[in-house]
Number of protein chains: 2
Amino acid sequence: MVMLRKIDKHSGVPAYLQIVNQIKAEILLGNLKAGQQLPTVRELETIFDVNINTILKALERLKAEGLVVSEQGIGYFVVKELNIDAEVVVAIKQLVSKLKSKQFDLYTTLVLVEEVWKNERF
Amino acid sequence: MVMLRKIDKHSGVPAYLQIVNQIKAEILLGNLKAGQQLPTVRELETIFDVNINTILKALERLKAEGLVVSEQGIGYFVVKELNIDAEVVVAIKQLVSKLKSKQFDLYTTLVLVEEVWKNERF
DNA sequence: CATAGTGTTCTATAGATATAGAACACTAAA
DNA sequence: TTTAGTGTTCTATATCTATAGAACACTATG
């Protein structure tokens with residue numbers, strides 16, 4: 001089931017990138033499958049609560065990355081199936097569960113993951 | 001040991017926020033301890049490879065969050081000790097290790113963690 | 001007191017981001 | 001053919017982000 005949420009306008013991350021991220025994640029998690037149609041651009045405008053031009057900028061990026069295609073007069077469609085290893089999803093869910101139980105917030109969590117990623121040699 | 005890196009000017013995330021994140025993470029990981037002096041603003045300018053005003057914007061944010069204080073003519077100092085549970089760091093390192101071994105990139109990883117965080121009810 | 005090394009403030013400019021509004025182009029179905 | 005529902009393009013405007021450059025203020029030390 002596709003879950004698209006309003007973006008966070010105060011996070012500092014550009015709105016169009018937050019939209020790209022959400023749609024990409026839905027594809028990665030298998031909630032959006034190849035061939036499936038996205039909501040219309042005007043529906044996305046409502047869903048994300050941003051201007052249509054911001055929607056178009058995000059979709060343009062997703063097209064450039066080859067994840068979706070547009071058909072004028074019809075709609076946008078998912079191209080690639082990017083289903084990831086279920087084991088990975090489980091591992092992420094476990095970490096998220098642990099951090100939530102320890103009262104971490106999302107922002108702190110993301111910062112820590114990024115730093116560990118960049119600082120550790122594996 | 002403090003590890004501060006040049007920011008990624010093409011990530012879309014504002015430079016001053018990337019700087020805030022790096023310094024905050026160093027404090028969280030215990031690499032910057034309470035009372036410790038940060039590099040000078042002009043050293044930070046070189047380290048992060050951005051303009052001094054961008055450094056000041058980041059430090060202003062860290063001051064507002066109560067993580068650092070400035071003393072004019074002297075320097076910036078860490079206020080809070082935010083050392084986190086070692087168990088949490090280990091868990092994050094394990095996840096990062098697993099994802100790197102499966103050829104995930106950092107960007108995809110962060111997007112997935114964020115989506116799982118927002119979509120799962122724990 | 002003079003100086004070097006700190007942080008601080010200010011102005012000007014360029015580029016990126018986001019919105020609003022309007023119009024246009026294509027597709028499918030009545 | 002007409003119409004409703006799609007995507008597409010364009011202009012104008014406001015705000016945020018980042019840089020450059022200059023000057024100023026405070027602290028410690030010789």
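Worth saying up front: this structure is predicted, and the values here are computed from it rather than measured.
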In whole Å, I'd like the distance from the [atom1] atom of [X] to the [atom2] atom of [N].
{"X": "B:Glu45", "N": "C:dG5", "atom1": "CD", "atom2": "P", "result": "16 Å"}
{"X": "A:Ile52", "N": "D:dG7", "atom1": "CD1", "atom2": "P", "result": "8 Å"}
{"X": "A:Ile55", "N": "D:dT8", "atom1": "CD1", "atom2": "P", "result": "13 Å"}
{"X": "A:Leu38", "N": "D:dG5", "atom1": "CG", "atom2": "P", "result": "20 Å"}
{"X": "A:Asn51", "N": "D:dC10", "atom1": "CG", "atom2": "P", "result": "16 Å"}
{"X": "A:Leu44", "N": "D:dG7", "atom1": "CG", "atom2": "P", "result": "8 Å"}
{"X": "A:Ile74", "N": "C:dA25", "atom1": "CD1", "atom2": "C1'", "result": "13 Å"}
{"X": "B:Phe77", "N": "D:dC26", "atom1": "CZ", "atom2": "P", "result": "18 Å"}

Problem - Residue whose closest nucleotide on DNA chain C lies nearer the 5' end, A:Ala15 versus A:Gly73 - result: A:Ala15
Practice task
Looking at every strand, decide which applies to B:Leu56 at a 4.0 Å heavy-atom threshold: base, sugar-phosphate, or nothing.
Solution key: base
Can you find a side chain N or O atom of [X] that sits less than 4.0 Å from OP1 or OP2 on [N]?
{"X": "A:Thr40", "N": "D:dG5", "value": "no"}
{"X": "B:Ser70", "N": "C:dT8", "value": "yes"}
{"X": "B:Tyr16", "N": "D:dT19", "value": "no"}
{"X": "A:Lys57", "N": "D:dT8", "value": "no"}
{"X": "A:Lys9", "N": "D:dT15", "value": "no"}
{"X": "A:Thr54", "N": "C:dT19", "value": "yes"}

Exercise for the section: Assign each of A:Gln37 and B:Val50 to its nearest nucleotide of DNA chain D by heavy atoms, then name whichever residue's nucleotide is nearer the 5' end. Expected result: A:Gln37
Completion exercise
Nearest-nucleotide check on DNA chain D, A:Asn53 vs B:Leu17; residue mapping nearer the 5' end is A:Asn53
Problem - Where B:Gln18 and B:Val13 come nearest, the two heavy atoms and their spacing - result: NE2-O, 2.8 Å
Practice task
Answer yes if B:Val116 and A:Met3 sit in the same cluster of Ile, Leu, Val, Met, Phe, Trp and Tyr residues linked by side chain heavy atoms under 4.5 Å apart, and no otherwise.
Solution key: no
Handout entry: Shared hydrophobic cluster for B:Trp117 and B:Ile84 (ILVMFWY, side-chain gaps under 4.5 Å)
Key = yes
Practice task
Could you tell me whether the side chain of B:Glu43 and the main chain of B:Thr40 form a donor-acceptor pair under 3.5 Å?
Solution key: yes
Fill in the blank from the handout: Of the candidates C:dT8, D:dT17, C:dT27, the side chain of B:Tyr76 sits closest to C:dT8
Handout entry: hbond_proxy B:Arg42 side chain to C:dG7 base (donor-acceptor, 3.5 Å cutoff)
Key = yes
Handout entry: B:Arg5/A:Glu115 ion pair, N-O < 4.0 Å
Key = yes
